[in-house]
Amino acid sequence: MWLHLLQRHDLAGWIWSIAIFIAHLLVVTRALTRPNRTPASRVAWVAVILSVPALGVIAYLLLGETSIGQARLRRLRRTERLLETPGDDDAAVDVTPRINALFDLCHSINGFRPVAGNRIALLGHADAPADQPMLDSRAAIDALIADIGQARQHVHVAFYIWLDDDAGGRVADAMADAARRGVQCRVMVDALGSRAFIQGPRWKQLRDAGVRLLKTLDDVSRWHHFAFSRADLRDHRKIVVIDNCIAYCGSQNCADPEFRIKPEFAPWIDLLLRCEGPIVRQQQSLFLSGWIAEAGESGLEGLPAAEPMPANFPGNVVAQAFETGPITRHNAMSDMFVACMYAARRELLITTPYFMPDEAILRALCAAPRRGVKASIVFPARNDSWLVGNACRSTYAELLACGVAVHEYPLGLLHSKSLTIDGQLALVGSANMDRRSLELNFENNMLVADAGVVAAIHARQSGYLSASRPVMLDEVRAWTFHQRLVQNTIAMMAPVL
């Protein structure tokens, strides 16, 4: 009898072993064959799955796929077809062929053309001292609240993070007041990034006032999605559109610069642009592409083509909006960063809080000084992500050896995502130079070609630079073996993070 039971136990064990082996093999095969994955990403995932089989399989099921689900994909594609591209997008703009090539690349992402006749202002405190950069963020929130207070038709707001602090509360009050006076107000926030706000009294305040509310991607972390979509896909966009006449674009969330959920890294230093003119139509389309697909509200498809009042402004401020995410073509955001870097002829200045570049971005940045371009990049000295901070520092030796000037900003978490080229072009928005922004998150950015606007952004960047500490190559080479081991190991695993 005992022999019989042992034989049955052995048989069951063999069956389980074979089943686990087949499942393991299937996951490895999927990691190797999934479309739109770089060789580095394939190698990293196979290494994880083979080295820690059980945990590796679970990790892949949670984090290895970037699908947002077929039903959501169909809704988003249908919404894209419904939204009309503004008619004046086909008008010619007066820019150099080099800048026009960047606009052509941007056009290939969302179908928008560059438009002139805009008025774009970098928001901030004119008299802010260098050691109090948070005043720029507060001034930007003040301008936003003032514009919401003047709204007559609609206010559309999308943020990744909305906190119930002073800034977040004042914006919520302004939105509630607008809704009560008959303005159509819509709020779209990321379900994870704004979870505390959604669960708090402000969400109810907005709903009771008549604001239409939407928490995006709230279902991707549910158990039945784990094997089909990445559990941490996020809507990272920051967009505000008021009466189809005013739009806001930049890195700033709806929160105080003290950022009370991570006060040890505060203040958060951000950059926000206020836009008027035809570019507002494109920002409206970006907002509605998410809203209509997720909220299911019809009747808004023609709103982006409604003529902004006034439609054009003097001068030649040319701008073009675009968004990327898991439904846009692979490497779209990376392509834009790389193309901008190669377009630089004299100067390339970048600020980004999270730097985990793919190979193309790192190569383009390292090539800039070798082409005679003065290339500088500014990171926060203290990063709120230990993983990203170490992966970022793993690139310092190569950047410095190639001639890129690396600086670390000590006065808070430099959250501004900005790139300026030769005083002619700026790229600003929500996207970081990390794997999340390049491959996972929904992001919105804007290209601006105008000497005055670019000069203002460059001056803000220069302010960050003047307050930063330059990193020296000898200093990096003196880092301990343990530091380099940790940094390079994390960087190697970046494709799975």
Revision key, fill the gap. Residues Gly250 and Leu272: closest non-hydrogen pair is N-CD1, 3.9 Å

Review point. With distance as the sole test, does Thr79 use its side chain to make a donor-acceptor pair with the main-chain N or O of Arg75 at under 3.5 Å?
Key: yes

**Study point:** Member of Leu425, Leu349, Leu427 meeting the side-chain contact (heavy atoms from CB on, under 4.5 Å) criterion with Leu419
**Key:** Leu427

Exercise for review: Assess whether side-chain contact (heavy atoms from CB on, under 4.5 Å) is satisfied between Thr352 and Phe379, documenting all intermediate values.
Suggested key: CA-CA 6 Å; Thr352 182; Phe379 305 118; 3.8 Å; yes

Check your understanding: Would you say Leu447 and Pro114 make side-chain contact, with heavy atoms under 4.5 Å?
Key -> no

**Study point:** Short N-O contact, Asp177 and Arg180, less than 4.0 angstrom
**Key:** yes

Review point. What residues form a salt bridge (Lys or Arg N to Asp or Glu O under 4.0 Å) with Arg78, not counting sequence neighbours?
Key: none

Point to revise | Main-chain N/O of Glu408 paired with Arg469 side-chain donor or acceptor, under 3.5 Å | key: no

Check your understanding: Does any non-hydrogen side-chain atom of His156 lie less than 4.5 Å from one of Leu303?
Key -> yes

Review point. Atom CG in Asn110, atom OG in Ser289: separation rounded to 0.5 Å?
Key: 8.0 Å

Point to revise | Close side-chain approach of Met188 to Ile239, heavy-atom, < 4.5 Å | key: no

Exercise for review: Locate the shortest heavy-atom distance separating Ser394 from Ala491; write the atom from each residue and the value.
Suggested key: OG-CB, 3.2 Å

Check your understanding: OG1/Thr324 to CD/Glu439 distance, rounded to the nearest 0.5 angstrom?
Key -> 11.0 Å

Check your understanding: Looking only at heavy atoms, which two atoms of Pro353 and Asn383 are closest? And how far apart?
Key -> O-ND2, 2.8 Å

Review point. Is there a donor in the side chain of Tyr248 and an acceptor in the side chain of Asp147, or the other way round, less than 3.5 Å apart?
Key: yes

Check your understanding: Does one side chain, of Tyr464 or Ser416, offer a donor that lies under 3.5 Å from an acceptor on the other?
Key -> yes

Exercise for review: Could you go through the side-chain contact (heavy atoms from CB on, under 4.5 Å) check for Asn444 and Cys249 one step at a time?
Suggested key: CA-CA 8 Å; Asn444 70 289; Cys249 175; 3.8 Å; yes

Review point. For the atom pair CZ (Arg113) and CD (Gln282), what is the distance rounded to the nearest 0.5 Å?
Key: 11.0 Å

Review point. Does the pair Leu217 and Phe442 meet the rule for a side-chain contact (heavy atoms from CB on, under 4.5 Å), with working shown?
Key: CA-CA 10 Å; Leu217 301 178; Phe442 287 97; 4.2 Å; yes

Review point. Is a side-chain N or O of Asp243 found less than 3.5 angstrom from the main chain of Gln153, in a donor-acceptor match?
Key: yes

**Study point:** Rounded distance (nearest 0.5 Å) linking atom CG of Asn100 with atom CG of Asp94
**Key:** 10.0 Å

Review point. Are Asp190 and Arg234 ion-paired here, with the side-chain N under 4.0 Å from a carboxylate O?
Key: yes

**Study point:** Check against side-chain contact (heavy atoms from CB on, under 4.5 Å), Asn441 and Tyr160
**Key:** CA-CA 10 Å; Asn441 293 339; Tyr160 172 60; over 6 Å; no

Review point. Can you tell me how far CD1 of Ile109 sits from CE of Met336, rounded to the nearest 0.5 angstrom?
Key: 5.5 Å

Review point. Is there a side-chain contact between Cys366 and Leu399 (heavy atoms, below 4.5 Å)?
Key: yes

Review point. So, Glu443 versus Ser430: side-chain donor-acceptor pair below 3.5 Å or not?
Key: yes

**Study point:** Check: Thr216 main-chain N/O paired with Glu294 side-chain donor or acceptor under 3.5 Å
**Key:** no

Revision key, fill the gap. Result for side-chain contact (heavy atoms from CB on, under 4.5 Å) between Val317 and one of Val454, Asp450, Val115 points to Asp450

Check your understanding: What's the spacing between Leu286 CG and Glu323 CD if we round to 0.5 Å?
Key -> 4.5 Å

Review point. So, are Asp384 and Lys262 salt-bridged, with charged N and O less than 4.0 Å apart?
Key: yes

Check your understanding: So do the side chains of Asp165 and Glu258 get within less than 4.5 Å of each other, counting heavy atoms only?
Key -> no

Check your understanding: Taking the side chain from Ser437 and the backbone from Asp434, do they hold a donor-acceptor pair closer than 3.5 Å?
Key -> no

Study note, to complete from the structure: Sorted by chain and residue number, the salt bridge (Lys or Arg N to Asp or Glu O under 4.0 Å) partners of Arg329 (sequence neighbours excluded) come out as Asp335

Point to revise | Within the 6.0 Å centroid threshold, strictly below: Phe159 and Phe197 | key: no

Exercise for review: Provide the closest heavy-atom pair for Pro201 versus Asp164 in the form atom of the first, atom of the second, distance.
Suggested key: CG-OD2, 4.1 Å

Point to revise | Neighbour count above 12 (heavy atom, 6.0 Å) for Lys238 NZ | key: yes

Exercise for review: Ignoring hydrogens and angles, tell me if any N or O in the side chain of Asp256 forms a donor-acceptor pair with the backbone of Ala167 under 3.5 Å.
Suggested key: yes

Review point. Are side-chain heavy atoms of Met333 and Asn445 found at a separation under 4.5 Å?
Key: yes

Check your understanding: Under the 3.5 angstrom rule, does the side chain of Gln320 hit a backbone N or O of Asp104 as a donor-acceptor pair?
Key -> no

Revision key, fill the gap. Of all heavy-atom pairs linking Ile99 and Ala449, the shortest is CG2-CB, 4.1 Å

Review point. Regarding Arg202 and Gln205, is there a side-chain donor-to-acceptor distance under 3.5 Å anywhere?
Key: yes

Review point. Side-chain contact, heavy-atom cut-off 4.5 Å: Arg436 with His236?
Key: no

Review point. Any sub-3.5 Å donor-acceptor pair from His415's side-chain atoms to Gln252's backbone N or O?
Key: no

Practice item. Anything under 30° is parallel, anything over 60° is perpendicular, the rest tilted; go ahead and classify Trp268 against Phe265. Key: perpendicular

Check your understanding: Is any side-chain heavy atom of Leu365 closer than 4.5 Å to a side-chain heavy atom of Phe355?
Key -> yes

Review point. Side chains of Thr420 and Gln461: do they bring a donor and an acceptor to under 3.5 Å?
Key: yes

Check your understanding: Closest heavy-atom contact between Ala364 and Met341?
Key -> CB-SD, 3.8 Å

Review point. Has the side chain of Arg382 got a donor or acceptor atom that lies under 3.5 Å from a matching backbone atom of Glu264?
Key: yes

Check your understanding: Counting N and O atoms only, with roles assigned by atom type, does the side chain of Arg274 sit under 3.5 Å from a partner on the main chain of Ile246, one being a donor and the other an acceptor?
Key -> no

